[in-house]
Structures are given as structure tokens and as C-alpha cells.
Enquirer: 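I am attaching a structure below and will ask some questions about it afterwards.
Side chains included, hydrogens not; waters and symmetry mates left out as well; all remaining heavy atoms used. Throughout, residue positions are numbered sequentially from 1 according to the sequence presented.
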Amino acid sequence: MKDSLKYYKIKKQGNSLTISINKDAEIKEGQLYSLEINSAGQLIYTPVESPTNIWDTEEAQNHNFQKDLKEIGFNIGNESSKGQEGAEYC
């Protein structure tokens with residue numbers, strides 16, 4: 001990869017600012033990067049690994065959440081009212 005591929009212009013897209021990257025940079029679509037701005041105002045992008053979705057782990061897939069709910073006494077859908085949830089308002 002070349003050190004400097006070309007100049008890039010920052011563009012506004014909705015409430016965000018974007019920088020498009022030329023395909024010649026050989027960066028994979030979907031790659032996650034962290035961004036740092038140094039004291040000289042340079043943007044430093046560093047590739048990082050995507051965080052693991054805890055719900056996709058073997059531990060979460062094999063965990064008995066129903067057992068947990070029974071142990072803490074949480075009865076989904078049959079909770080008692082704690083305040084004015086059912087009150088009628090004018």
C-alpha cells in the first residue's frame with residue numbers, strides 16, 4: 001500500500017462527517033477502526049477487532065435463563081403494579 005494515496009475531503013452526511021476511502025487502499029468493507037487525533041491535528045485510524053456479541057457465545061447459548069428468573073422470583077407478564085400504571089388520566 002502507498003503511504004499517501006491522495007487527498008480526501010471531509011463531507012457532511014446527516015449529523016455526521018465522512019471521509020471516503022479509495023478502493024486502492026485495500027481496506028475491507030466492514031472493518032472496524034478506532035480514531036485518535038494527535039496534538040498536530042492528524043487523524044490516526046487503527047484497525048481493531050470487532051467486539052464479541054455476548055449473545056452469540058456458547059456460554060449464553062447454553063445458559064438457562066428461565067432457571068435464573070425462577071430463582072429471583074421474577075414472573076414475566078404477571079408482575080404486580082407498583083404505582084399508578086393502571087390509573088386513568090383525564
Enquirer: Please determine whether residues Ile37 and Tyr8 belong to a single hydrophobic cluster, defined as Ile, Leu, Val, Met, Phe, Trp and Tyr linked transitively by side-chain heavy-atom distances below 4.5 Å.
Expert: yes

Enquirer: Assess the residue pair Ile10 and Thr18 against the criterion (side chain to side chain contact (heavy atoms under 4.5 Å, CB included)); give the C-alpha distance rounded to whole Å, side-chain angles, the decisive distance to 0.1 Å, and a yes or no.
Expert: CA-CA 6 Å; Ile10 297 174; Thr18 63; over 6 Å; no

Enquirer: Please answer: with hydrophobic residues joined when any side-chain heavy atoms are less than 4.5 Å apart, are Ile19 and Leu32 in the same cluster?
Expert: no

Enquirer: Identify the two heavy atoms, one from Val48 and one from Gln31, that lie closest to each other, and give their separation to 0.1 Å.
Expert: O-NE2, 3.1 Å

Enquirer: Might you work through the side chain to side chain contact (heavy atoms under 4.5 Å, CB included) test for Ile44 and Leu35, ending with a clear yes or no?
Expert: CA-CA 6 Å; Ile44 303 168; Leu35 170 63; 5.9 Å; no

Enquirer: What is the distance from atom CD1 of Ile21 to atom CD of Glu29, rounded to the nearest 0.5 Å?
Expert: 11.5 Å

Enquirer: Within a reach of under 6.0 Å around CD of Glu59, are more than 12 heavy atoms found that belong to other residues, nucleotides or ligands?
Expert: no

Enquirer: Can you classify the ring geometry of Phe65 versus Trp55 as parallel (below 30°), tilted (30 to 60°) or perpendicular (above 60°)?
Expert: tilted

Enquirer: Please report the interatomic distance OG(Ser16) to NZ(Lys11), rounded to the nearest 0.5 Å.
Expert: 14.5 Å

Enquirer: Taking Gly41's backbone N and O only, do any of them form a donor-acceptor pair with Asn38's side chain (distance below 3.5 Å, no angle check)?
Expert: yes

Enquirer: So for atom CD, which belongs to Gln61, do other residues, nucleotides or ligands contribute more than 12 heavy atoms lying within a distance under 6.0 Å?
Expert: yes

